Amino acid sequence: MKLSELLSVIEPLRVVGNADIAISGIQFDSRKVGCGDLFVAQVGTAVDGHEYIAACVDKGAVAVVLSKAEYIPLSSDGVCYVQVDNTDKALGLLSSKWFGDPSRSLTLVGVTGTNGKTTIATLLYKLVRAAGHKAGLLSTVVNYVDDEAVPATHTTPDALELNGLLRRMVDAGCEYAFMEVSSHAIAQERIAGLDFDGALFTNLTRDHIDYHKTFDNYRDTKKRLFDGLKKEAFAVTNKDDRNGFVMTQNTKAKVYSYSVRAMADYRAQVIEEGFEGMLLQVDGQEVFVPLVGRFNVSNLLCIYGAAVNLGFEKTEVLRILSTLRPVNGRFETIRSPKGWSAIIDYAHTPDAVDNVIQTIREIKKEGSKLITVVGCGGNRDKGKRPMMAQIAKRGSEQLILTSDNPRDEEPLDILQDMAAGLTEEELRTTLIIEDRESAIKTACILAQAGDVVLVAGKGHEDYQIIKGVKYHFDDHEVVKRFI
């Protein structure tokens with residue numbers, strides 16, 4: 001593809017050199033640059049790509065997109081330099097163009113919010129496939145190109161990988177694609193150039209404040225997904241969340257709402273519930289679903305609303321929902337032969353932990369204990385650590401604080417931050433066990449018939465990052481071993 005053709009989708013401030021040249025590829029990672037490539041210099045949180053421009057030119061880059069004019073040499077030596085305002089946005093737009101605008105050949109639906117994104121995106125993908133259509137999935141747990149699993153490294157991939165996966169979906173004959181859209185992806189313009197046909201809002205609670213600095217910034221970043229929708233698109237928002245209206249107040253799309261508490265376009269009522277699932281009434285029809293928890297009622301309503309807006313018949317949507325199993329690491333139940341249960345859940349925010357604990361307390365037998373094992377990730381929002389401990393302590397008969405992914409922090413420092421949220425009396429009855437395996441083992445030993453052990457925070461993850469080193473660790477394996 002000619003550079004001049006690529007540049008048609010961005011608005012360069014300045015072009016130095018000949019743009020009528022062929023480009024063999026686009027790269028933003030200087031280590032991957034080869035002969036004939038276009039290098040996009042991004043300013044990251046730790047590394048500035050501008051500092052690697054000269055090295056990329058030496059490796060054969062024939063064009064560079066940059067935002068800092070001082071990196072344009074006096075003599076271009078045959079290299080074309082393109083200055084733009086925002087190289088992150090430029091990368092998104094260029095990536096989409098490079099792969100032939102694949103999102104325009106798909107019915108693309110984005111899911112954003114703090115909790116529930118993975119469940120909603122994954123079950124929508126499964127629902128559409130169960131209805132006989134080819135579809136793709138971009139999620140925290142795993143990506144899918146129709147039925148081909150592709151490992152996921154981020155909630156939302158970088159712009160190049162993202163558009164490459166969408167291209168593969170189109171080539172595989174997919175009609176639909178469902179995508180988790182993280183606040184990082186929106187802020188870093190990874191979704192620039194994508195054509196969304198629908199957007200779904202789950203809820204908003206404290207998360208990623210280490211990156212966004214304030215809750216308002218976090219909220220407003222999520223809102224940008226809806227602000228960018230075209231008038232032909234649809235938006236489905238959660239009326240039970242006070243930020244639900246905020247998300248859609250400036251959108252051009254058609255807006256629909258769902259609620260378990262108020263009047264809305266899509267409503268549901270819980271008739272019965274247990275650890276095996278729930279009997280619901282949705283739009284006047286009863287349906288049993290093998291998912292647990294009031295938060296999952298909200299998730300299912302969001303899925304139902306999205307599917308109806310995609311043109312699927314309501315009764316068929318409910319029939320398929322009754323067959324879908326929980327997503328890996330989302331309220332997964334493992335039974336012990338001794339009569340107690342373990343629940344593994346990805347809950348890693350204060351609100352998510354509270355939701356899971358309240359769900360368990362509503363279902364478990366009177367007189368039985370809830371034993372909660374939970375930690376907090378390192379190099380992340382420290383403000384939520386004492387909040388997580390408070391919520392877990394006040395909802396559990398026994399609390400065990402342990403390591404999650406300490407990353408580059410000292411595990412005991414994280415545990416001390418969590419413990420700071422507890423009173424002296426609460427601390428006396430709280431166990432602090434740094435080693436996660438030992439903490440889970442202790443919880444399993446303490447459990448008696450009828451009790452519930454909640455292992456929260458990691459869910460589907462099969463690793464721990466301790467002092468920068470990634471080790472294999474799977475909560476499922478550990479629980480099953482001790483059971």
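What you are looking at is a predicted structure, and each value in this text was computed from that prediction instead of being measured. One-based numbering along the sequence shown.
- We find that Glu276 and Arg335 are joined by a salt bridge, their nearest charged nitrogen and carboxylate oxygen being less than 4.0 Å apart.
- Between the side chain of Glu409 and the backbone N or O of Ile466, no donor-acceptor pair lies under 3.5 Å.
- Separation of the His133 and Phe312 ring centroids falls under the 6.0 Å cut-off.
- Closest heavy-atom contact between Arg407 and Gly377: NH1-CA, 3.7 Å.
- Contacts classified as salt bridge (charged side-chain N to carboxylate O under 4.0 Å, His left out) and involving residues 120-131 (residues at least two apart or in different chains) are given here: Arg129-Asp146.
- Judged as a side chain to side chain contact (heavy atoms under 4.5 Å, CB included), and not counting sequence neighbours, the contacts of Ala199 are Leu225, Phe226, Leu229.
- Nearest heavy-atom pair, Ala149 versus Val142, reported as atom, atom and distance to 0.1 Å: CB-CG2, 4.1 Å.
- In this structure the side chain of Val317 never reaches within 4.5 angstrom of the side chain of Lys314, judged on heavy atoms.
- Put simply, CZ on Arg325 and CG on Asn328 are 13.0 Å apart, with the number rounded to the nearest 0.5 Å.
- No donor-acceptor contact under 3.5 angstrom links the side chains of His348 and Arg380, judged on distance only.
- In this structure a side-chain-to-backbone donor-acceptor pair under 3.5 Å is missing from Asn309 to Ala306.
- Distance alone, capped at 3.5 Å, places no donor-acceptor pair between the Asn243 side chain and the Val246 backbone.
- Between Glu316 and Arg319 there is a salt bridge, since at least one side-chain N of the basic residue sits less than 4.0 Å from a carboxylate O of the acidic one.
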Audit row: Tyr304, Val282, side chain to side chain contact (heavy atoms under 4.5 Å, CB included) steps and yes/no
CA-CA 9 Å; Tyr304 177 77; Val282 180; 4.0 Å; yes
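- Among Arg394, Gln390, Lys393, the single residue meeting the side-chain hydrogen bond (donor to acceptor under 3.5 Å, both in side chains) criterion with Glu426 is Arg394.
- The side-chain heavy atoms of Gln285 and Thr315, taken from C-beta on, include a pair separated by under 4.5 Å.
- A heavy-atom distance below 4.5 Å is not found between the side chains of Val109 and Met179.
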Where do Lys231 and Lys254 land on the side chain to side chain contact (heavy atoms under 4.5 Å, CB included) test, with the steps shown first?
CA-CA 7 Å; Lys231 65 179 181 178; Lys254 297 181 286 292; over 6 Å; no
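- In this structure, Lys369 pairs ionically with Asp451, as a charged nitrogen and a carboxylate oxygen lie closer than 4.0 Å.
- Arg224 has a carboxylate O that lies under 4.0 Å from a charged side-chain N of Glu189, or vice versa, which qualifies the two as a salt bridge.
- Looking only at atom types and distance, the side chain of Lys117 has no donor-acceptor partner in the side chain of Thr202 under 3.5 Å away.
- Checked by atom type, the side-chain pair Ser259/Arg267 shows no donor-acceptor distance below 3.5 Å.
- Residues satisfying the side chain to side chain contact (heavy atoms under 4.5 Å, CB included) test with Val47, not counting sequence neighbours, are Tyr52.
- Of all heavy-atom pairs spanning Asn143 and Leu138, the tightest one is OD1-CA, 3.2 Å.
- At a cut-off of 3.5 Å, with distance as the only test, no side-chain donor of Arg294 or Thr359 sits close to an acceptor on the other residue.
- Taking the charged nitrogens against the carboxylate oxygens, Glu461 and Lys470 have no contact shorter than 4.0 Å, which rules out a salt bridge.
- Considering Asn296, Leu127, Val111, Thr122 in turn, Leu127 is the only one that fulfils the side chain to side chain contact (heavy atoms under 4.5 Å, CB included) rule with Ile303.
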Can you check side chain to side chain contact (heavy atoms under 4.5 Å, CB included) on Leu310 and Val308, steps first, answer last?
CA-CA 5 Å; Leu310 289 172; Val308 169; over 6 Å; no
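- Thr140 and Glu180 are linked by a side-chain donor-acceptor pair at a separation below 3.5 angstrom, with hydrogens and angles left out of the test.
- More than 12 heavy atoms of other residues, nucleotides or ligands shown are found within 6.0 angstrom of CD on Glu232.
- Looking only at side-chain heavy atoms (C-beta outward), Leu300 and Val289 come within less than 4.5 Å of each other.
- Neither side chain, His472 nor Gln464, offers a donor N or O lying under 3.5 Å from an acceptor on the other.
- Atom CG of Asp354 is separated from atom CE of Met388 by 11.0 Å, given to the nearest 0.5 angstrom.
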Show your working on side chain to side chain contact (heavy atoms under 4.5 Å, CB included) between Glu410 and Lys467 and close with a plain yes or no.
CA-CA 7 Å; Glu410 286 294 331; Lys467 295 184 179 177; 3.5 Å; yes
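- Under a 3.5 Å cut-off, the side chain of Ser368 and the backbone N or O of Lys365 do form a donor-acceptor pair.
- When ring centroids are compared, Tyr125 and Tyr144 come within the 6.0 Å threshold.
- Between the side chains of Asp197 and Thr107, no donor N or O sits under 3.5 Å from an acceptor N or O.
- Only one option out of Thr429, Leu431, Val374 pairs with Leu399 in a side chain to side chain contact (heavy atoms under 4.5 Å, CB included); it is Val374.
- Formation of a donor-acceptor pair under 3.5 Å by the Asn355 side chain with backbone atoms of Phe295 is not found in this model.
- Considering only heavy atoms from C-beta on, Lys239 stays 4.5 Å or farther from Arg261 through its side chain.
- Of the possible donor and acceptor atoms, one in the side chain of Thr402 sits under 3.5 Å from a partner among the backbone N and O of Ile433.
- Nearest approach of Leu137 to Ala121, heavy atoms of both residues: CD1-O, 3.5 Å.
- From Leu291, atom CG reaches atom OG1 of Thr119 across 7.0 Å, with rounding to the nearest 0.5 Å.
- Arg330 has no carboxylate O lying under 4.0 Å from a charged side-chain N of Asp345, or vice versa, which leaves the two without a salt bridge.
- A donor-acceptor pair under 3.5 Å links the side-chain atoms of Ser103 to the main chain of Asp195, judged by distance alone.
- Gln188 and Asp88 share no side-chain donor-acceptor pair at under 3.5 Å.
- Looking at Arg436 and Asp475, a side-chain N of the basic residue comes within less than 4.0 Å of a carboxylate O on the acidic one, giving a salt bridge.
- Remark: side-chain polar atoms of Lys458 are paired, donor with acceptor, to backbone N or O of Tyr463 under 3.5 angstrom.
- Around the NZ atom of Lys230, the shell of radius 6.0 Å holds more than 12 heavy atoms that belong to other residues, nucleotides or ligands.
- For the 3.5 Å distance criterion, the side chains of Ser183 and Lys222 fail to qualify, holding no donor opposite an acceptor.
- Between Asp220 and Lys223 no salt bridge is recorded (no basic side-chain N to carboxylate O distance below 4.0 Å).
- Between Arg385 and the options Asp417, Asp404, Asp413, a salt bridge (charged side-chain N to carboxylate O under 4.0 Å, His left out) holds for only Asp417.
- The two residues Thr333 and Phe275 make their nearest non-hydrogen contact at OG1-O, 4.4 Å.
- Note: Leu401 CG to Glu434 CD = 12.5 Å, rounded to the nearest 0.5 Å.
- Nearest heavy-atom pair, Ser139 versus Ala152, reported as atom, atom and distance to 0.1 Å: O-CB, 3.3 Å.
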